[in-house]
Structures are given as structure tokens and as C-alpha cells.
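What follows is a short report on a single structure.
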Amino acid sequence: MPEKVHTHFGDSDEDSFTQTPNPVSDQVAGQEIARKKRRSKKRKHDETADNTQPRNGESIPDPEPVPIAKPTIKEFTPEGKPGDIPQPPPTKTQVAKHETKSKPKSFSDTKTNFAPLRERANALYELRKKLPIFGHADEIRHKLRAHDVMLLVGETGSGKSTQIPQFLVNEFWCRPTPAQIPKEDGSTRSATVGGCIAITQPRRVAAITLARRVAEEMGTPLGSSSPASKVGYAVRFDTSVSPSTRIKFLTEGMLLQEMLHDPWLTKYSAVVVDEVHERGINVDLTVGFLRNLVSGKKEGRGGVPLKVVVMSATADMESLTGFFQEGFKIQEREQKHVSNGDAAEKKETAKEIAACHIKGRQFPVKTIYSPEPVHDFVDAALKVIFQIHYKEPMPGDILVFLTGQETVEALEHLVNEYATGMDPSLPRIQVLPLFAALPQVAQQRVFQPAPPRTRKVILATNIAETSVTVSGVRYVVDCGKAKVKQFRTRLGLDSLLVKPISKSAAIQRKGRAGREAPGQCFRLYTEKDYLTLDETNTPEILRCDLSQALLNMKARGVDDIVRFPFLTRPPREALEKALLQLLNIDALQDSGKISDIGLQIAKLPLTPTLGRVLLAAAENGPDCLIDVIDIISCLSVENIFLNTTSEEKKEAAEMARRDLYRREGDHLTMLATVRAYASENADRKAWAERHLVSHRAMQSVMDVRKQLRTQCRQAKLLPRDDGSNHTSDPAPILILQSFLRGFGTNTARLVPDGSYRTVVGNQTVAIHPSSVLYGKKVEAIMYNEFVFTNRSYARGVSAVQMDWVGEALAG
DNA sequence: TGGGGATTT
């Protein structure tokens, strides 16, 4: 059987698929490089010779990792070295026995650990010196002394995320500075501004692991483990900082949240925004607020400047430079109106935007395109996997990018089937699926080394593009597609469709083959198709519902949304729709200003709609609120019910969950699940397994629930002592009516032909198969999500009465 | 009859 696969593939045009990149490919890559060179010449900032090299590694011939730039200075300034943090003098406790380690943490105990920390840091220093960015330390420090904003393009493996904060932390401008901050009444108050560096990350794990690494490199304990710790992190549900934290890694969402309470970011001397190229909505908002901050008068900081470093792997430098320059230009124009400023002249250099390019440390990856368009990429991937396995030496695992769980599982079966008939003298194949919905234990298998004489074949969604790094991969197979969620403003509907990826995503996928050795990337599409791909991913801000983003802006005092500095401006229609949505839930006054309700909602870690539901439930009393919090907690995490792939499993799941299902719909079913899980005191994990409920998801539910209960108590929506011993029967009608206050427009009624039509818009919608109401016919339904995949589906569905809907829509 | 991937004092 494998032979057949192999020959068949070879028949089509074996050479094209097994050869080195064809001349056309090289030519085009060359043109791309030439274009980049021309563009970079236009830049007036200092540049290193590195900049003119091809940046994306498309056709780098180097057989070795990119050589490291020579350090520009021979001796390092003391601030770059590990161990320059104040070290306690050696004392008797320091040589004390090991028992102290296992004792509860206290200051004196951690002192004991400083010596080993320092040793480790000294060892790591040797590795740090080899990072491509290391030789740029002085250049970077120098530029940031003169400029407030710096853009830094650093390819994968350049070391930017760990080194930049260490380069900057001992700069003079990074010290806490006494300042006079004007108060509303015209007087001033004394305060200390700055002293700390924030580094934002799109993902929680990245923030935590980077903090851990930098603490190690600096020879300091991590976060709250010691009051002397210099490095900490802050992500939702897990903050670890100390009074002496100087470097803090946090998620973008966390920094936005901090800005809600401290709009001037007075704790910080610098904010480093990492991974900007991913363009999640939070990073767009972050750079928007930061631009206002650096180009404004900084009165809330007592005039102390804030340094901003924007870092990206594949930056569109022109647009980011233009973005920050525009901010300074606007400020200049406004200042000229006020004074005939010659004071403005002096500060001119600070207002230029510095730039810095750092080469990555990446091995060359050969690109092999499909000679012809591929119609069935699962089939094509199967052939390429075996072609690699037959021809290419061991070791070298294969990473295949597919679109979703369905294609991953289909290919998993096919590969296993063909592998059984393989020549026994060949190395074996181990197929490992990887997608977000996969239980954690199964995901972990991807990181375990393969058994001897076995090649790992990892079948992944685009979780492997950014979130998860698998070692040992030398071959990437890229189907060229991904599922993309797009919010359609006009219909108020999310669609999840398979679409071609962007060039930068294709380059990112390819790069996964060159992390440890030279590699190969098989693209299951033609080179012509590659050239027609969009340059970059569509920023999330153009693809999502904007109501939460707008409410956050309003809560920060941005009344005029149109004047907000968007890195990419969403279409007017999308902004208007979001404003209308906020008006509908009373989060805004008719004037467009934020209302008291809006302010309360903005403080909740929820979508505005769910926030509105929570406040409505509070009006129905604490019992109702406690129950609604349980449901909202489920709605704001991943699916709590495990997937049922086969018919058998589905039946087993229905049996196991029978006692949880509620005829009122998914909302009360979730409530029953949370209540049952929470009251299970013996073994919650076993309980979850028995009921085919995701334990991981339920742990998140409990975290959210705790957070929401705490916030509700602080907001006096719940009495102080209530909550834990709540046992009264739920009141389904009150609960569902609370939900209708937020989801009144997400309703559909049954029409005579047996289908459901939306109350607003009269569109056909079907109940999603994952719903407990699937196949049921009720007077009307309310749903949390309206999604289009193969057809329009309502997800998160409960039965409601039409007169409740009428009341909710009437307000 | 079906769920790309993140994230929030």
C-alpha cells in the first residue's frame, strides 16, 4: 500500500516536488529582496549592515545558523551582567542546610538561595552572549536615550523578548523619578513616576515562561517568592510581583486593565510591546493608547517621559513608523496653536522614531511547492508525508498544518492505515494530533521524544503556528489554509470559514522546520498561489465584534471614537454597529458618553452583553445572580462538554450526562453541571471524567466564578458572606429573563414549517447539534452565538417565551 | 449532526 501512495505521487511530477526550489522561485525571492533593499535605503535612521540581508529567510543559502553579529564593544557595562543586583553578603544562613528550601518562603529563606541563583545566572550569561541581539545592546541603549519610541524587528530566535528589558533596566531614565502631578483643583501632589519596565505578550504562558527565564538570567528570585525579586509577571488569575519588581511581563489584556486604573502608567518608565505582528485586538488598542501617551503632554506623569519599544518578528516598519510619527505631528500642530514654541525645537530628536533590525537565528529551510493546484489537501498531505518518510534520513519529525479537528482526525486515520502496510525495515511512524480542544494529556504527548527508530508526524491546526513549539521538526507540510472567524456586522453573525493563509503565516509555518537544523517545507499549493496570498494576516480588529473594545475606550475617557489612533481603522459601519449595541444594553447614554451601567460593565472581565446580563441578574436578587454567575462562567471559557466523535461515544455521553441535562436548554444545563461539580468534594477530576466533562474547562470555570463573585461582592451586588452555601433551587424564569436583557436580539421563533427565524432580521437559523435542545421544537429560542459554518447555527440555546422576548426588546 | 487560535483588577 505505501508503495502505491509513493508511486502515485511520483507519477504526477515527482521532480517538481522533490527538487530544490525552482528558478522561478529564486527569481521572485530575489525581486522581493531587491524591493526590500530599495525600501530600506529610504529610511533615514542608522542601520546596521544586517538590514540589507533577506529578512524572511526565503532563500538564505547559509548552511549554518546565521552568524552572530560581533559585539560592538569589548567590555560590557556592569548593567548588562548578571549578579549586579544587590547581593546580600554571605552570611551563616547562606551556607545553612537544605531544609530551609522546603520551608514556607520568607525573606531570609530566599536569601539563602541567592548564591545558587547567581551561579546559574553566570552560566546562562555565556549563552546570552551568543544571542544575535547581544551585540546590539549598546546601540539599543544609545537610541533609546535619544528617542522615546523605538521599533525593533527581531526575527525568531534573536533573543529580543528576554534581552531587551535587561538591556534597559539600569538606564538612567529607568529610575523612579520624583514628580509633581497636577490635581484637578490646580494644585499639585508629589509622586514617584517610573522605575519599572512592562513587557506585553499576547499569551499567558509566554508571559510566565519569559519572566521565569529572565529572572534566572538575572540571578533573582521570581515574582512574589521574595521581596527582593526584580522580575515578575501578571496574567489573569496569576500575578507574581514583589515590591522591588523592575521588569514585569504581562498579557496585553492585563496592561489594558491596568490602564483603566492608571491611565498614565505611572509605575512604568518603559513599555515594551512584543509580538505586534500577530495583531490581536488587544495589541492594537495598546499601541493606540501608548501613542496618545508618548505624544501627549504627560501631565499625569509629571512630565516624565515614557519610552515605548514596539517589537515584531515581521514588522511592517513603514506603517508603524508612520503611525507614531502621525501622533507627534498632531501634537506639534496643537502646540503651535498654543505657543510659538521654540521649546518644541529642542525636543525634536526625542520625537523621531528609532529603528533597529536584529537578525534571527534560524537554519535555512528549502521550499518545495506543489506543481499543480491541490484539490484535496488531506490526500496530498498523506502522499507527501510518506514521500518524506521514505526519502529523508532520520532524525527529522514532520509537522503538518491542517485546518481543524476534522481534517486532523481524517488524516490521522489515513496515515495510521498506510503505516501498517509499510516495509518493516523502515523506521516506524508515530502520528500525533494537536489541536486546542484536545485534552491536555494528549497534547503533552507531542513533546515527548519519539521511541527509537520512529518518526513523529504531528498533525496540527494553527495552534502550532504561534502558541505551541514542537522540537525535533525538520519537515513542514503546509496546506495553505486555516479556519478564520469573521464577524459580519450587518448580520450580527460570526462565520468560521476555511480561507487561504497570508504570506507571513506561510513564512511562519515554514520557519517551524528550521529551528534546530536545516529543513524543508512542502507547500500543498503552487508558487503562483503563494504569490497571490495577502501579505499579512487580517488584523483581528477588522474581524471581530467591536463592542467590548469601544466600551473599554469609552471607560478610559475616549469619547470621540473617530479620533482614536487605530493602527488599522475599522469600517465606520462596524463602529456604528458596536455603538448601537452598547446603547441597546444601556452602557452608553444617548449623548454617547459612558453610563454608570457601562462603567460597571467595563470593569468586568466579560463581553458587554454578558456584563449586562450579570447586572440584570443582580436586580433579581442574590440567588439569581449567584446562578447566573455560574452560567456566565461556563460561557466565557471553552466548551465544558468533551467532544463526542463517534456515535458510541455520543450515546455514552448522553447516558453519563443524563442527570445534568435540563429541558429548559443549555443555560440551565450548564448551571446544573457547575453546581454538581462544585459540590463534588471527593474527586472532581474523576467526577468530570465520569460525566465526559472537561476537567480543564471546569477548573477555568471555577476561576472565573471566583473572580466574578469577588467583584460582585466588592460592587455590593452580593452580600459579603453569601455564595458558598447557596442551595436553593434555581429559578429558571428569572435566570432566562436576566439573559434576555443582554440577548434580546439573539432570539428566534418557531415558524409553521418547523424551522426557526430570527426575531430581528427574520433569518433562518438552526439549533446547533451540540445543544441539548437540538432537534427540539419550542415556541422561541434565545442563543449566545449566531455562527455560520456550513449553515447558520445558534449555539448556547435555551427555550424562552415570546412575551419575555417582547418585554426585553421593549426595554 | 459539529467546535481556527488567543485574552480580561
Side-chain angles (χ1 to χ4, degrees), chain A residues 200-207 234-239 241 250-262 275 278-286 401-409 434-438 460-468 479 481-486 494-499 501 505 508 537-538 540 543-544 548-549 551-552 555 601-608 610-611 636-647 650 694 697 700 703-704 707-708 710-711 714-715 766-771 774-775 785 787-796:
Chain A
T200 69
Q201 292 294 323
R203 282 169 290 281
R204 297 160 47 96
V205 271
V235 303
R236 190 185 186 185
F237 307 128
D238 188 4
T239 293
V241 291
L250 30 61
T251 53
E252 292 149 1
M254 219 42 173
L255 186 73
L256 287 171
Q257 211 60 46
E258 284 191 6
M259 287 174 95
L260 207 52
H261 292 92
D262 180 13
E275 313 281 18
E278 290 190 19
R279 294 297 304 275
I281 187 163
N282 284 343
V283 90
D284 279 30
L285 295 182
T286 302
F401 284 100
L402 298 162
T403 52
Q405 184 179 344
E406 197 186 5
T407 49
V408 165
E409 284 170 347
L434 180 63
F435 46 87
L438 202 66
T461 60
N462 53 6
I463 189 173
E465 209 175 281
T466 50
S467 314
V468 170
C479 76
K481 298 200 156 51
K483 278 192 185 172
V484 181
K485 204 173 188 177
Q486 169 88 46
D494 257 328
S495 45
L496 189 60
L497 300 172
V498 175
K499 292 202 160 163
I501 59 173
Q508 177 81 19
N537 294 346
T538 307
E540 191 185 11
R543 305 186 342 241
C544 69
Q548 192 166 11
L551 186 65
N552 279 324
I601 294 174
K603 285 179 186 157
L604 296 166
L606 296 171
T607 61
L610 285 174
S636 52
V637 307
E638 56 184 305
N639 196 354
I640 59 167
F641 294 111
L642 288 174
N643 301 341
T644 50
T645 37
S646 66
E647 277 300 310
K650 181 162 172 69
S694 162
S700 312
D703 282 337
V704 179
Q707 187 184 26
L708 290 175
T710 306
Q711 281 187 288
Q714 282 165 354
I767 296 175
H768 195 274
S770 64
S771 170
Y774 175 68
E785 280 184 295
V787 290
F788 184 89
T789 50
N790 294 316
R791 56 191 292 203
S792 293
Y793 284 111
R795 295 178 63 187

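Letters A, B, ... mirror the listed sequences (proteins, then strands); counts begin at 1.
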Sugar-phosphate only, base, or nothing, as touched by A/I463 at under 4.0 Å among non-hydrogen atoms: sugar-phosphate

Atom CD of A/Q707 with >12 non-hydrogen neighbours under 6.0 angstrom: yes

Shortest side-chain distance from A/H768, nucleotide among B/dG3, B/dG4, B/dT1: B/dG3

Any A/R204 side-chain nitrogen or oxygen under 4.0 Å from OP1 or OP2 of B/dT8: yes

Rounded interatomic separation in angstrom, taking CG from A/L260 and P from B/dT9: 10 Å

Sugar-phosphate only, base, or nothing, as touched by A/R543 at under 4.0 Å among non-hydrogen atoms: base

Touch class at under 4.0 angstrom, heavy-atom based, for A/E406 against every strand present: nothing

Which nucleotide in B/dG5, B/dT8, B/dT1 has an atom nearest any side-chain atom of A/Y793: B/dT1

Pair A/T286-A/L256, side chain to side chain contact (heavy atoms under 4.5 Å, CB included): steps then yes or no: CA-CA 7 Å; A/T286 302; A/L256 287 171; 3.9 Å; yes

Under 4.0 angstrom between A/T251 side-chain N/O and B/dA6 OP1 or OP2: no

Touch class at under 4.0 angstrom, heavy-atom based, for A/S467 against every strand present: sugar-phosphate

N or O in side chain of A/T461 less than 4.0 angstrom from B/dG5 OP1/OP2: yes

Sugar-phosphate only, base, or nothing, as touched by A/V235 at under 4.0 Å among non-hydrogen atoms: sugar-phosphate

Side-chain N,O (A/R795) to OP1/OP2 (B/dG3) below 4.0 Å: no

Residue whose nearest DNA chain B nucleotide is more 5′ - A/V468 or A/P769: A/P769

Note: A/R203-A/E278 ion pair, threshold 4.0 Å (strictly below): yes

Rounded interatomic separation in angstrom, taking CZ from A/R236 and C1' from B/dT7: 8 Å

Min side-chain heavy-atom separation A/Q508-A/I501 under 4.5 Å: no

A/L708 CG to B/dT9 C1', straight-line distance once rounded to whole Å: 12 Å

Spacing between A/Q257 atom CD and B/dT7 atom P, to the nearest angstrom: 15 Å

Rounded interatomic separation in angstrom, taking CG from A/N639 and P from B/dG3: 12 Å

Sugar-phosphate, base or nothing in reach of A/Q707, heavy atoms under 4.0 Å: sugar-phosphate

Atom pair distance, as rounded to whole Å: NZ in A/K485 and P in B/dG2: 17 Å

Sugar-phosphate only, base, or nothing, as touched by A/T239 at under 4.0 Å among non-hydrogen atoms: nothing

Touch class at under 4.0 angstrom, heavy-atom based, for A/A482 against every strand present: nothing

Any A/D284 side-chain heavy atom under 4.5 Å of A/E540 side chain: no

Protein-nucleotide distance (A/D703, atom CG; B/dT7, atom P), rounded to Å: 13 Å

Nearest to side-chain heavy atoms of A/N462, which nucleotide of B/dT7, B/dG5, B/dT9: B/dG5

Separation of atom CG in A/N282 from atom P in B/dA6, rounded to whole Å: 14 Å

Sugar-phosphate, base or nothing in reach of A/E278, heavy atoms under 4.0 Å: nothing

Working for side chain to side chain contact (heavy atoms under 4.5 Å, CB included), residues A/M254 and A/N282: CA-CA 10 Å; A/M254 219 42 173; A/N282 284 343; over 6 Å; no

